[in-house]
Trainee: 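Let me begin by handing over the structure; questions about it come next.
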Amino acid sequence: MMNRNVRTLDEFTIQQLRQFPHATGELSNLLRDIGLAAKRVNVEVNKAGLVDILGDADLVNVQGEDVKKLDVYANQQFEGVLRHGISCAGIGSEEIDDYIAFDDSVSNQSKYVVMFDPLDGSGNIDVNVSIGTIFAVYRRVSPVGGPVTRADFLQPGVRQVAAGYVVYGSSTMLVYATRRGVNGFTLDPSIGEFTLSHPDIRCPGQGRIYSVNHGNFFRYAPGVQAYIQRCQRKEKEDGGPYTQRYIGSMVSDLHRNLVKGGIFMYPGTTDKPGGKLRLMYECNPFAFIMEVAGGRATDGSRRILDIEPTGLHQRTPLFIGSSGMMDELEECLAAHPID
Ligand code: AHM
Ligand code: MG
């Protein structure tokens, strides 16, 4: 018997919509489109070990990195559903050099643009580690009716209307945030629908997990090193050392820390002061989700969501997580200022 108390992603977004008499339903449509692409990607991710889709596609993306075949597939799925849907006027993607204006009579009527990383953590595909999709939704600033422009994409993260991620893991989940809250949906394979499993996710104010690539320790700024050591030197009366957890797949690391409490750091290093992660489709969406859930996100000095972007693919250091741990980090950074 179906449990009729379980709400699907569609039912949930439509219920939310009904609370706003003037809402057009465009955002619900958009989320449904994203959910559909995620289901298609999920099917391929799950059989990646079985079929020849696994492996390098002999292509290099705009960042000069190897692209796996599944990245290409995921990008095509997300681009396809958004292009053929009626709720998105254009996209930006980790896999595409410039933004794409769909520029047809239907898409030009839409008020939203979407930026996404179709398959983050793709270096982990070959070894069966959870990977994910990350997306950010903005209301365009150019007039509805015409093609979108660069300015529609280069908006600070604080202007996001919604943001979310999909984690293709032991079960597949879609988590999205609007200003009203963060909600998580688990894919129920028996009906092929995302169903509400984690309503109103709040990030615990104080966590005990820190996530960082420890191999880069000697390349981090002294304040970051001091914070890592502070995590390791926690006294017994404070519960002992914090636990270090780093999957190396941002969506999985951040999903865990969001639910359990924790801090995730991808700092700048001496050789890469801007860090690795991309502002527009990795850091901003997670910063938005984390803030709505009660946490914080900075680049070490600025709130991530306030950064004025200059390029679609720009990088930024990232510190994100439980507000209490962010406070501790900031004490350490302040005690070791960089001249
Ligand atoms: P990608 O976009 O090329 O997949 O890289 C992003 C990933 C994140 O998921 C993860 O947090 C980070 O790279 C790990 O980097 P590192 O191996 O340098 O610690
Ligand atoms: Mg990525």
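Just follow the structure's listing: the first ligand is 1, and inside any ligand the first atom is 1.
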Trainee: Look only at interatomic distance and state if M250 has a nitrogen or oxygen under 3.5 Å from any nitrogen or oxygen of ligand 1.
Mentor: yes

Trainee: Taking the N/O/S atoms of E282 one by one, which is nearest to the Mg ion (ligand 2)?
Mentor: OE2

Trainee: Number the atoms of ligand 1 from 1 as they appear, then name those within less than 4.0 Å of a heavy atom of Y246, with their elements.
Mentor: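 Those of ligand 1 that fall under 4.0 Å from Y246 are 14 (C), 15 (O), 16 (P), 19 (O).
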
Trainee: Quick one: sort the F185 and Y176 rings into parallel, tilted or perpendicular, breaks at 30° and 60°.
Mentor: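 The rings of F185 and Y176 lie parallel, inter-plane angle below 30°.
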
Trainee: Once you restrict to heavy atoms under 4.0 Å, what part of F264 touches ligand 1? Side chain, backbone, both or neither.
Mentor: side chain

Trainee: List ligand 1 atoms under 4.0 Å from D117, heavy atoms only on the residue side.
Mentor: 2 (O)

Trainee: What N/O/S atom of D120 is the closest to the Mg ion (ligand 2)?
Mentor: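 That would be atom OD1.
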
Trainee: Using a strict cut-off of 4.0 Å, indicate which atoms of ligand 1 neighbour a heavy atom of R278.
Mentor: 2 (O)

Trainee: Just jot down the ligand 1 atoms closer than 4.0 angstrom to any heavy atom of E282, in number order.
Mentor: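 Listed by number with element: 2 (O).
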
Trainee: Please say whether S249 places an N or O atom under 3.5 Å from an N or O atom belonging to ligand 1.
Mentor: no

Trainee: In terms of relative ring orientation, are Y220 and F217 parallel, tilted or perpendicular, with 30° and 60° separating the classes?
Mentor: perpendicular

Trainee: Of I320, L318, D117, which meets side chain to side chain contact (heavy atoms under 4.5 Å, CB included) against M250?
Mentor: L318

Trainee: Any N/O of N216 closer than 3.5 Å to an N/O of ligand 1?
Mentor: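 By distance alone, the answer is no.
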
Trainee: Would Y242 and Y210 count as a close aromatic pair, with their ring centres under 6.0 Å?
Mentor: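 No - the distance between ring centres of Y242 and Y210 does not fall below the 6.0 Å cut-off.
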
Trainee: Same cluster or not: V259 versus M290, using hydrophobic residues (I, L, V, M, F, W, Y) connected whenever any side-chain heavy atoms lie under 4.5 Å apart?
Mentor: no

Trainee: Quick check: are there more than 12 heavy atoms from other residues, nucleotides or ligands sitting under 6.0 Å from NZ of K272?
Mentor: no

Trainee: May I ask you to list the atoms of ligand 1 that are less than 4.0 angstrom from any heavy atom of E94?
Mentor: 2 (O)

Trainee: Taking the ring of Y99 and the ring of F153, is the distance between their centroids below 6.0 Å?
Mentor: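 Distance test on ring centres: under 6.0 Å, yes.
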
Trainee: Which ligand 1 atoms are under 4.0 Å away from a heavy-atom of S122?
Mentor: 4 (O)

Trainee: What I want to know is whether G121 and ligand 1 share at least one N or O pair that is separated by under 3.5 angstrom.
Mentor: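 Between G121 and ligand 1, an N or O pair is found under 3.5 Å apart.
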
Trainee: Taking the six-membered ring for Trp, is the centroid-to-centroid distance between H255 and Y165 below 6.0 Å?
Mentor: yes

Trainee: Need the atom name: nearest N/O/S atom of E94 to the Mg ion (ligand 2).
Mentor: OE1

Trainee: Could you identify the N, O or S atom of D117 positioned closest to the Mg ion (ligand 2)?
Mentor: OD2

Trainee: Using a 4.0 Å heavy-atom cut-off, say whether V251 meets ligand 1 through its side chain, its backbone, both or neither.
Mentor: neither

Trainee: Taking it one step at a time, do N183 and D200 satisfy side chain to side chain donor-acceptor pair (under 3.5 Å)?
Mentor: CA-CA 5 Å; N183 291 282; D200 196 21; 5.9 Å; no

Trainee: Going by the order shown, which atoms of ligand 1 are within less than 4.0 Å of some heavy atom of G248?
Mentor: 9 (O), 10 (C), 14 (C)

Trainee: Working to the nearest 0.5 angstrom, can you tell me the gap between L196 CG and L174 CG?
Mentor: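 So the CG of L196 and the CG of L174 are separated by 11.5 Å.
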
Trainee: Is the CG atom of N128 crowded by more than 12 outside heavy atoms at less than 6.0 Å?
Mentor: no

